[in-house]
Amino acid sequence: MSAKIELNIPENHPRYRAMMIRHDMIEGCHNKVVAPAGLIAQGRGEAFDYLMGEKTNSFADRAIKAAAAAFLLAEKPVISVNGNTAQLLPEGLVKLSEATGAPLEVNLFYRAEGREEAIEKKLKDAGAKEIYGIGENLCATIPELTSDRRLVDPRGILVADLVFVPLEDGDRTEALVAMGKKVITIDLNPISRTPRKAHISIIDNLVRAVPKMIEYVNELKKLPKSEIQKIIDEYDNKQVLRDSLLKIADRLTELSKEI
Ligand code: ATP
């Protein structure tokens with residue numbers, strides 16, 4: 001089957017960006033970076049993005065700022081990369097890694113042949129120099145997990161004090177929290193288990209949230225540690241989750257009046 005798809009979407013289409021991303025994800029699926037189930041996850045994300053107005057809302061901005069602060073205070077932060085995140089924003093992940101000093105570690109749920117290599121290439125093409133969790137380096141295990149996601153790099157997730165797990169599944173998030181790690185996620189679905197288990201849950205699209213996080217990291221770097229700590233102390237993840245659900249409710253109420 002051909003991997004190339006001819007696109008004819010006019011740039012002034014109201015959902016141009018979302019449609020371009022959708023087709024890029026399909027391309028990523030042909031190239032093995034994205035698993036077929038990853039396309040379903042992307043579709044679920046799109047639906048929640050639509051409900052929240054396809055923008056970074058103030059509750060997401062608060063979480064992004066707290067995440068940047070947590071990265072700056074962590075001793076051994078790690079960025080966990082799956083197929084969807086590698087396809088959606090490879091350069092953004094590399095830039096975040098450079099800004100925070102946190103290594104990139106590939107962690108996959110579906111380990112089809114050639115997939116790890118495809119993701120490694122995607123990240124290297126985007127400028128990544130070293131990538132954890134590849135080949136023989138995948139030799140430590142996370143307790144309490146049965147899927148392939150229990151396999152981790154002993155230099156990375158295993159010893160990390162902070163793990164950034166965008167677009168994650170609930171079981172693994174729970175296992176990382178149980179191991180005593182600080183967990184940050186990005187997930188457009190505030191009802192799913194991951195954002196409910198994580199310490200900092202960014203309810204926003206990865207493609208908007210990561211560039212904003214890099215901006216905050218570079219800005220907050222200039223502050224004294226005590227001020228960075230204050231941002232974390234004042235952060236309330238439960239309130240962020242409540243506000244995101246209320247946003248959906250309010251928007252649906254508004255839209256119902258337009259009909
Ligand atoms: P859980 O196990 O946490 O209940 P789930 O079964 O929904 O969640 P997955 O399908 O593994 O778990 O998670 C993918 C999540 O990522 C979904 O909640 C989806 O809404 C979200 N998502 C998909 N695409 C994006 C994106 N571009 N930006 C942010 N979130 C996204």
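Worth saying up front: this structure is predicted, and the values here are computed from it rather than measured. Note that ligands are numbered from 1 as they come in the structure, with each ligand's atoms numbered from 1 the same way.
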Requested in this report: Compare all side-chain heavy atoms of Phe164 with those of Met213 and state whether any distance is below 4.5 angstrom.
Outcome: yes
Query - Lys65 and Glu215, any side-chain heavy atoms less than 4.5 Å apart - result: no
Report summary line: Within the 4.0 Å heavy-atom cut-off around ligand 1, the contacting residues, ordered by chain and number, are Ala41, Gln42, Arg44, Gly45, Leu88, Leu167, Glu168, Asp169, Gly170, Ile186, Asp187, Leu188, Asn189, Ser192, Arg193, Thr194, Asp204, Asn205, Leu206
Report summary line: Sorted by chain and number, sequence neighbours left out, salt bridge (Lys or Arg N to Asp or Glu O under 4.0 Å) with Arg115 holds for none
Query raised in the report: Under a single-linkage definition using a 4.5 Å side-chain heavy-atom cutoff for Ile, Leu, Val, Met, Phe, Trp and Tyr, are Ile79 and Val94 assigned to the same hydrophobic cluster?
Result: yes
**Report entry** Note: Glu120-Lys124 ion pair, threshold 4.0 Å (strictly below)
**Finding:** yes
Query raised in the report: Among Arg15, Arg17, Arg208, which one satisfies salt bridge (Lys or Arg N to Asp or Glu O under 4.0 Å) with Glu54?
Result: Arg15
